[in-house]
Chemist: 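This is the structure, below, for whatever I ask next.
In what follows, every chain begins at residue 1, and chains take the letters A, B, ... in the order their sequences are listed.
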Amino acid sequence: MKVLVPVKRVIDYNVKAKVKADGSGVDLANVKMSMNPFDEIAVEEAIRLKEKGVAEEVVVVSIGVKQAAETLRTALAMGADRAILVVAADDVHTDIEPLAVAKILKAVIDEEQPKLVIAGKQAIDNDMNATGQMLAALLGWGQATFASKVEIEGEAAKVTREVDGGLQTIEVKLPAIVTADLRLNEPRYASLPNIMKAKKKPLDEKTAADYGVDVTPRLSVVKTAEPEGRKAGIKVGSVDELVSKLKEAGVV
Amino acid sequence: MAVLLLGEVTNGALSVDATAKAVNALKALGDVTVLCAGSAAKAAGEAAAKIDGVAKVLVAENDLYGHRLAEPTAALLVSLAGDYDHIAAPATTDAKNIMPRVAALLDVMVISDVSKVVDADTFERPVYAGNAIQTVKSSDPKKVMTIRTASFDAAGQGGSASVADQAAAEDPGLSKWVADEVAKSDRPELTSAGRVVSGGRGVGSEENFAIIEKLADKLGAAVGASRAAVDSGFAPNDWQVGQTGKIVAPELYVAIGISGAIQHLAGMKDSKVIVAINKDEEAPIFQIADYGLVGDLFQIVPELTEKL
């Protein structure tokens with residue numbers, strides 16, 4: 001079974017995003033970029049399926065700027081076999097919308113014919129939480145989002161999902177899309193020898209035009225602003241003082 | 001202009017709070033029709049009809065919709081889409097699962113987590129874990145969106161919308177339900193609770209979370225957790241408050257042993273009164289807390305529980 005994992009290059013999880021003074025967006029110039037954390041979990045899950053002998057090949061795909069090749073190398077160093085880079089933007093500030101990403105991924109999948117796609121549930125930049133679901137729709141495949149456990153059983157995937165109020169387990173026919181939630185696994189760090197090896201693994205470079213996909217955004221960004229601040233209140237000196245303040249405020 | 005709103009129906013009951021907040025967010029855009037789908041949905045439909053501002057209710061009662069699977073529910077919404085300009089749902093995990101699928105089937109871009117409706121085409125939504133608020137204008141013929149309910153007040157009661165039955169759409173037959181593991185709790189539901197007590201990494205272990213739970217029970221509050229606490233295995237994921245978890249806006253939010261990472265703040269900063277208890281007086285949580293208490297949570301929390 002071939003497993004395909006889409007990965008996105010985003011602002012590093014530990015870097016605080018700063019809004020540009022002109023309101024045109026978040027400043028990404030000279031900012032550390034990394035693999036989207038939920039995508040790392042997806043890559044890890046695919047590699048574990050390979051290690052268990054369930055998957056034969058793990059193919060990683062990234063859509064965005066040329067520099068996303070670095071993100072793909074990280075996935076290859078973790079243990080993916082092969083990478084496809086689809087260049088769809090010149091400027092790091094251009095975010096390709098999930099609908100366009102899903103259309104490009106569909107075209108890649110039509111060629112690659114994987115049996116399972118594992119994606120991160122959400123990118124930490126646009127926070128859309130949409131690509132996996134949109135891809136499933138375009139392919140006419142089933143979807144198991146927000147996964148905390150994935151088991152392949154014959155021609156189906158049994159997936160436990162993180163939902164409001166608890167967990168839901170569903171069975172989805174293969175081929176299918178799974179999106180990874182936080183607790184699915186803990187991604188490994190790539191070792192130095194594996195980072196060296198990854199440099200020799202195949203990385204194909206394509207463009208959005210190769211797949212005939214129009215990436216013009218449907219949502220134009222009118223403005224990007226800092227969220228409204230909230231003022232610091234007071235420090236209290238004791239539990240008694242806290243209780244009396246809460247009583248004054250009428251919340252207990 | 002007409003709006004189709006997917007009501008949040010779980011085991012036959014409508015989540016009135018989430019649905020009423022979404023109604024309030026959307027009613028300026030046109031007549032709101034609420035769709036209640038489930039293996040039992042009549043009672044939910046009747047509850048939806050009473051929400052002020054609802055023009056019409058559609059009840060799709062069918063076993064297909066019993067377990068809130070994305071594919072059949074998305075197919076149902078798509079079958080109804082022709083009559084509506086806006087198709088929306090409160091941003092629950094179910095809706096986040098379903099609505100992007102609906103959008104892609106209609107070849108439009110989904111607009112997730114709308115925190116403000118500017119006009120029929122223009123919406124605000126948080127991005128970058130709440131570090132920025134983006135205003136987006138959609139050029140799509142139909143808008144498919146999820147509503148961040150914590151950003152809106154609930155519409156009142158007193159409506160009397162008409163209720164009609166809605167036939168099921170075709171079954172895509174791609175997935176089936178196996179089991180639900182619902183955390184049994186007498187506590188209020190996190191996203192609609194009036195009070196929330198949350199623990200973070202500082203709580204230290206799953207066992208130690210008992211002191212958080214005791215305070216919550218004393219206050220009749222829901223229990224929340226930071227992503228760090230969930231990541232460390234101290235608390236289940238469905239307790240997670242933050243940009244990648246649940247967004248809450250209670251009257252009282254008590255943050256215990258939570259440093260205040262921006263991704264957590266994005267999930268709770270609309271709370272009316274915020275209390276922070278942390279041993280690190282430099283913790284960012286104190287910059288947004290109304291009342292901060294610096295000290296050892298293992299002494300403070302039991303004392304607070306006793307004195308309330």
Chemist: Out of Glu45(A), Arg48(A), Lys149(A), which one pairs with Asn185(A) under the side-chain hydrogen bond (donor to acceptor under 3.5 Å, both in side chains) rule?
Modeler: Glu45(A)
Chemist: Nearest 0.5 Å, please: how far is CG in Asp296(B) from CD1 in Ile277(B)?
Modeler: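 These two atoms lie 11.0 Å from each other.
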Chemist: What part of Ile234(A) is in contact with chain B, defined as an atom under 4.5 angstrom from a non-hydrogen atom: side chain, backbone, both or neither?
Modeler: both
Chemist: Answer with side chain, backbone, both or neither: which region of Val275(B) has an atom nearer than 4.5 Å to a non-hydrogen atom of chain A?
Modeler: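 For Val275(B), side-chain heavy atoms alone lie under 4.5 Å from chain A.
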Chemist: Using heavy-atom distances under 4.5 Å, tell me whether Leu293(B) contacts chain A through its side chain, its backbone, both, or neither.
Modeler: both
Chemist: Is a side-chain donor-acceptor pair under 3.5 Å present for Asp91(A) with Thr94(A)?
Modeler: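 Per modelled atom types, Thr94(A) and Asp91(A) side chains form no pair under 3.5 Å.
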Chemist: What part of Gln243(B) gets closer than 4.5 Å to chain A, counting heavy atoms only: side chain, backbone, both or neither?
Modeler: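 Both the backbone and the side chain of Gln243(B) come within 4.5 Å of chain A.
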Chemist: Looking at Val251(A), Ile11(A), Val10(A), Asp125(A), which makes the most heavy-atom pairs under 4.5 Å with chain B?
Modeler: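 The candidate making the most pairs under 4.5 Å is Asp125(A).
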Chemist: Check each atom of Val26(A) against the heavy atoms of chain B and say whether the ones under 4.5 Å are side chain, backbone, both or neither.
Modeler: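 Looking at Val26(A), just its side chain touches chain B.
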Chemist: Most heavy-atom pairs under 4.5 angstrom with chain B, which of Lys18(A), Glu226(A), Lys16(A), Glu228(A)?
Modeler: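 Highest number of pairs under 4.5 Å: Lys16(A).
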Chemist: Given the options Asp121(B), Asn131(B), Val127(B), which has more heavy-atom pairs under 4.5 Å with chain A than any of the others?
Modeler: Asn131(B)
Chemist: Is Lys245(A) in contact with chain B via its backbone, its side chain, both, or neither, using a 4.5 Å heavy-atom distance?
Modeler: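 Both backbone and side chain.
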Chemist: Please check if any side-chain donor atom of Asn126(A) sits under 3.5 Å from a side-chain acceptor atom of Gln122(A), or the reverse.
Modeler: no
Chemist: Could you have a look at Ser220(A), Gly166(A), Gly233(A) and say which one has the most heavy-atom pairs with chain B under 4.5 angstrom?
Modeler: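 Option with the greatest count: Ser220(A).
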Chemist: Counting heavy-atom pairs closer than 4.5 Å to chain B, which one of Leu135(A), Thr131(A), Val159(A), Asp240(A) comes out on top?
Modeler: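 Ranked by heavy-atom pairs under 4.5 Å with chain B, first place is Asp240(A).
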Chemist: Ion pair present between Asp113(B) and Arg148(B), side-chain N to carboxylate O less than 4.0 angstrom?
Modeler: yes
Chemist: Non-hydrogen atoms of chain B under 4.5 Å away: do they reach the side chain of Ala136(A), the backbone, both or neither?
Modeler: both
Chemist: I would like to know whether Asp164(A) and Asp94(B) meet side-chain contact (heavy atoms from CB on, under 4.5 Å); could you show each step before the answer?
Modeler: CA-CA 8 Å; Asp164(A) 291 337; Asp94(B) 285 342; over 6 Å; no
Chemist: For the candidates Gln240(B), Gln287(B), Lys96(B), Lys176(B), which exhibits the highest count of non-hydrogen atom pairs separated by less than 4.5 Å from chain A?
Modeler: Lys176(B)
Chemist: Using a 4.5 angstrom heavy-atom cutoff, name the option from Ile274(B), Leu69(B), Thr122(B) with the most pairs to chain A.
Modeler: Ile274(B)
Chemist: Counting heavy-atom pairs closer than 4.5 Å to chain B, which one of Gly132(A), Ala156(A), Ala130(A), Gly250(A) comes out on top?
Modeler: Ala130(A)
Chemist: At what distance, to the nearest 0.5 angstrom, does CD1 of Ile124(A) lie from OG of Ser34(A)?
Modeler: 8.0 Å
Chemist: Side chain, backbone, both or neither: which part of Val252(A) has an atom under 4.5 Å from a heavy atom of chain B?
Modeler: both
Chemist: Please determine, among Glu241(A), Gln143(A), Lys158(A), Lys223(A), the option with the most heavy-atom pairs under 4.5 Å with chain B.
Modeler: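 Counting heavy-atom pairs under 4.5 Å, the top option is Gln143(A).
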Chemist: Count the heavy-atom pairs under 4.5 Å between each of Lys246(B), Glu189(B), Gln299(B) and chain A, then report the option with the highest count.
Modeler: Lys246(B)
Chemist: Hey, is Arg218(A) close enough to Asp107(B) for a salt bridge, meaning N to O under 4.0 Å?
Modeler: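 Yes.
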Chemist: Could you go step by step and tell me if Ile111(B) and Val136(B) meet the side-chain contact (heavy atoms from CB on, under 4.5 Å) rule?
Modeler: CA-CA 9 Å; Ile111(B) 309 163; Val136(B) 293; 4.2 Å; yes
Chemist: Please flag which part of Pro236(B) lies under 4.5 Å from any non-hydrogen atom of chain A: side chain, backbone, both or neither.
Modeler: both
Chemist: Can you tell me which of Gln134(B), Glu251(B), Arg68(B) forms the most heavy-atom pairs within a distance under 4.5 Å of chain A?
Modeler: Gln134(B)
Chemist: Does the side chain of Ser62(A) pick up a donor-acceptor pair with the side chain of Thr71(A) at under 3.5 Å?
Modeler: no
Chemist: What's the spacing between Lys121(A) NZ and Leu182(A) CG if we round to 0.5 Å?
Modeler: 7.5 Å
Chemist: Between Ala103(B) and chain A, which part of the residue has a heavy atom less than 4.5 Å away: side chain, backbone, both or neither?
Modeler: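 Contact with chain A involves both backbone and side-chain atoms of Ala103(B).
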Chemist: Any salt bridge between Asp290(B) and Arg230(A), counting N to O under 4.0 Å?
Modeler: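 Arg230(A) and Asp290(B): salt-bridged.
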Chemist: So, is the end of the Lys103(A) side chain (NZ or CZ) under 6.0 Å from the ring centre of Tyr211(A) and within 45° of the ring's axis?
Modeler: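 Not flagged: Lys103(A) not positioned over aromatic ring of Tyr211(A).
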Chemist: Who wins among Gly292(B), Ser112(B), Ser175(B) for the most heavy-atom pairs under 4.5 Å with chain A?
Modeler: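 Heavy-atom pairs under 4.5 Å are most numerous for Gly292(B).
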